[in-house]
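In the text below, chain A, chain B and the rest are named by the order of the sequence lines, each starting its count at 1.
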Amino acid sequence: MSRNAWQEDRGNKDRSITRSGGGTMARGTATDVRPDTTHAFLVGDSMTGGYGTGGDILHDCTIAVDPGEIAVIVGPNGAGKSTGMKAIFGMLNLRQGGVRLDGEDITDLSPQDRVARGMGFVPQTSNIFTSLTVEENLEMGAFIRRDDIRPAMEQVFELFPILKDKRHQPAGELSGGQRQQVAVGRALMTQPKVLMLDEPTAGVSPIVMDELFDRIIEVSRTGIPILMVEQNARQALEIADRGYVLVQGRNAHTGTGKELLADEDVRRSFLGG
Amino acid sequence: MEPLHALVTLANFVIVPAVAYGSQLALGALGVTLIYGILRFSNFAHGDTMAFGTMAVILTTWGLQSAGIGFGPLPTALLALPVGIAVAAALLLGTDRVVYRFYRDKKAVPVTFVIASLGVMFVYNGFTRFVIGVDDQRFADGARFLVSARGFRDATGLDEPLVIKSTQAITVVVAVVVVAVLFWFLNRTRTGKSMRAYSDNEDLALLSGINPERVVTYTWLIVAGLATIAGTLYGLDKSFKPFTYFQLLLPIFAAAIVGGLGSPIGAIAGGFVIAFAEVTITYPLKKVLGYFLPESLAPDGLVQLLSTDYKFAVSFMILIIVLLIRPTGLFRGKSV
Ligand SMILES: Nc1ncnc2c1ncn2[C@@H]1O[C@H](COP(=O)(O)OP(=O)(O)OP(=O)(O)O)[C@@H](O)[C@H]1O
Ligand SMILES: [Mg+2]
């Protein structure tokens, strides 16, 4: 008798080694929330985590921005938009998921190392050095650079001419809109490869807001991918190549800006009709 | 001539000593305020840091003197200063390594740091006394007077004398130089600006790639310099006694708080406010007023508002008034 099971008549058709009752390999359904991260320049992938030892605030949340594009995160207050940004910048304890920059895993890097790798971040609050002059704010933005920073500073002044006039004034004495310009300018000083803005238009008038959006588009045209959180969802989605709606730390809707603006559900719950 | 005499008397007994004392307090308060602004705690060990640094200077001075090295008309202690600063810096950096860094890593609340600094204070305190003893030490040498009573009288022909001790003049000159260098460093250099940025907004400093450990190291180095210089100047002007340096903590903190904690300019202003208040209130003003007021109004008593034994009460009163009326201090530091 051969010792080869395959040559016996029982072979692999032996039903005694399988569970009766039919196959389990049925076709499943995919979720409709499926952020595409294949081409992403910067991606926070399936992030789950929270502050310190507290509970999770992000739940399997994915945010990504493609090269040269503008990605916008919108959602109700407390949805975890800022938390998501901080997670991508390495200021959160991630329990699951990771962050990749240009295809490289940077989940373990400190925020400073991420700055050195070319990430720029403008936080939502206290995003300027109030007691330092505008110029010093910009200089500090370029702290990690050892080369000549004057061209970068000139670029920022070109983008925000008002800052040039106020360069010797303490940043804390500027108006809200001017402060946001300082904040964005500071982050641009490293000449980052990707820019993250947390509500850059918070607390500024509609006119200044439009202008800031124009400036942001201008920055984006230079090829810098931009990931930003916005409270003014409609305007932001209009300029967005990709939009994320976060609700309670989860991806609720994802799509191009236009898709989201057209989505009945999104309109009703987040855009006020 | 009466007002002139009053002015000379006032200068002799109030202005000159208060300017010198104020400079010493200002340098001390600058150290306290830098630590508060950057490391975010009130360093109770500052007085004893001054004592320790000064002790190192004194020991070096004695060494230089026995080797026959002097500094001409200037005190030998000035030559010994760099050594004292280096020793104090080593002590502070070592302390930071074994004590404060531990709490920094744990993100401890400021009060934990304050209590830790209290422990550090006792250790420094004991160590200084163990090495140099508890007694008064005089280590000033070189010329005693810049302006002597005799010289002033011969030069001006006034009845009232004016005396300026060389240690007082040296104190002011050194303080001006130190403050100028410090402000240049903080406002003009990359490292100095990064220290101010870190003090202003720690999180944003991190996001700008500023390394906090480097900022902390620079802070301790500067504090070592300020504390040793302040202590040495005080010791030259008065005398060195460990307990006095511990007591200096009160006027120094009062100066830092009056000026506004975290504000270097405030620390300097505060130092002079405290010094002038202390000297004026504890000095018998009879003679000065006697020159100013008409005979009939001339005061009977000494017009000494407080006995010198109570001089620390002056700092305390000013401190309380400021905390009640303007807790952020004259120059809007951080409120306590
Ligand atoms: N530093 C923190 N420590 C602990 N919990 C925090 C912290 N910051 C935010 N949270 C919590 O995380 C949740 C999400 O906050 P987050 O700031 O991310 O919201 P957001 O979407 O940015 O809101 P908003 O639109 O108001 O800026 C909230 O419940 C908040 O209480
Ligand atoms: Mg937010």
Peer 1: My understanding is that only residues two or more places apart in sequence, or in another chain, count here; which of them pass side-chain contact (heavy atoms from CB on, under 4.5 Å) with B:Val181?
Peer 2: B:Val177
Peer 1: Heavy-atom cut-off 4.5 Å, strictly under: side chain, backbone, both or neither for A:Arg186 against chain B?
Peer 2: side chain
Peer 1: Heavy-atom count around B:Arg326 CZ within 6.0 Å, excluding the residue itself: above 12?
Peer 2: yes
Peer 1: Hey, which residues of residues 211-230 of chain A are touching chain B, say heavy atoms under 4.5 Å apart?
Peer 2: none
Peer 1: Under 6.0 Å from the CZ atom of A:Phe157, do we count more than 12 heavy atoms belonging to anything else shown?
Peer 2: yes
Peer 1: Which heavy-atom pair separates B:Asn201 from A:Ile128 by the least distance, and what is that distance?
Peer 2: ND2-O, 3.4 Å
Peer 1: Check whether A:Phe143 forms a cation-pi arrangement with B:Arg190 (NZ or CZ under 6.0 Å from the six-membered ring centre, at most 45° off the ring normal).
Peer 2: yes
Peer 1: How many angstroms lie between CZ in A:Phe121 and OG in B:Ser208, if you round to the nearest 0.5 Å?
Peer 2: 12.0 Å
Peer 1: So which atom in A:Val115 and which in B:Leu207 form the shortest heavy-atom distance, rounded to 0.1 Å?
Peer 2: CG2-O, 3.1 Å
Peer 1: In terms of heavy-atom contacts, does CZ of B:Phe246 have more than 12 from other residues, nucleotides or ligands at under 6.0 Å?
Peer 2: no
Peer 1: Below 4.5 Å, heavy atoms only, C-beta onward: do A:Ser126 and B:Leu204 meet side chain to side chain?
Peer 2: no
Peer 1: Hey, is OH on A:Tyr51 packed in by over 12 heavy atoms from elsewhere, all under 6.0 Å?
Peer 2: yes
Peer 1: Do any of residues 72-110 of chain A have a heavy atom less than 4.5 Å from a heavy atom of chain B, and if so, which, in residue order?
Peer 2: A:Phe89, A:Met91
Peer 1: Drop me the distance from B:Ser194's OG to A:Met140's CE, to the nearest 0.5 angstrom.
Peer 2: 6.0 Å
Peer 1: List the residues meeting side-chain contact (heavy atoms from CB on, under 4.5 Å) with A:Glu135, not counting sequence neighbours, and say none if there are none.
Peer 2: A:Thr133, A:Glu139, A:Met153, A:Arg167, A:His168
Peer 1: As an exercise: rank A:Arg146, A:Met189, A:Met119 by heavy-atom pairs under 4.5 Å with chain B and give me the winner.
Peer 2: A:Arg146
Peer 1: With rounding to the nearest 0.5 Å, note down the distance linking CG in B:Leu206 to CD in A:Gln112.
Peer 2: 5.0 Å
Peer 1: Side chains of B:Arg196 and A:Ser131 only: does a donor on one sit below 3.5 Å from an acceptor on the other?
Peer 2: no
Peer 1: Take a 6.0 Å sphere around CD of A:Gln169 and say whether it holds more than 12 heavy atoms from other residues, nucleotides or ligands.
Peer 2: yes
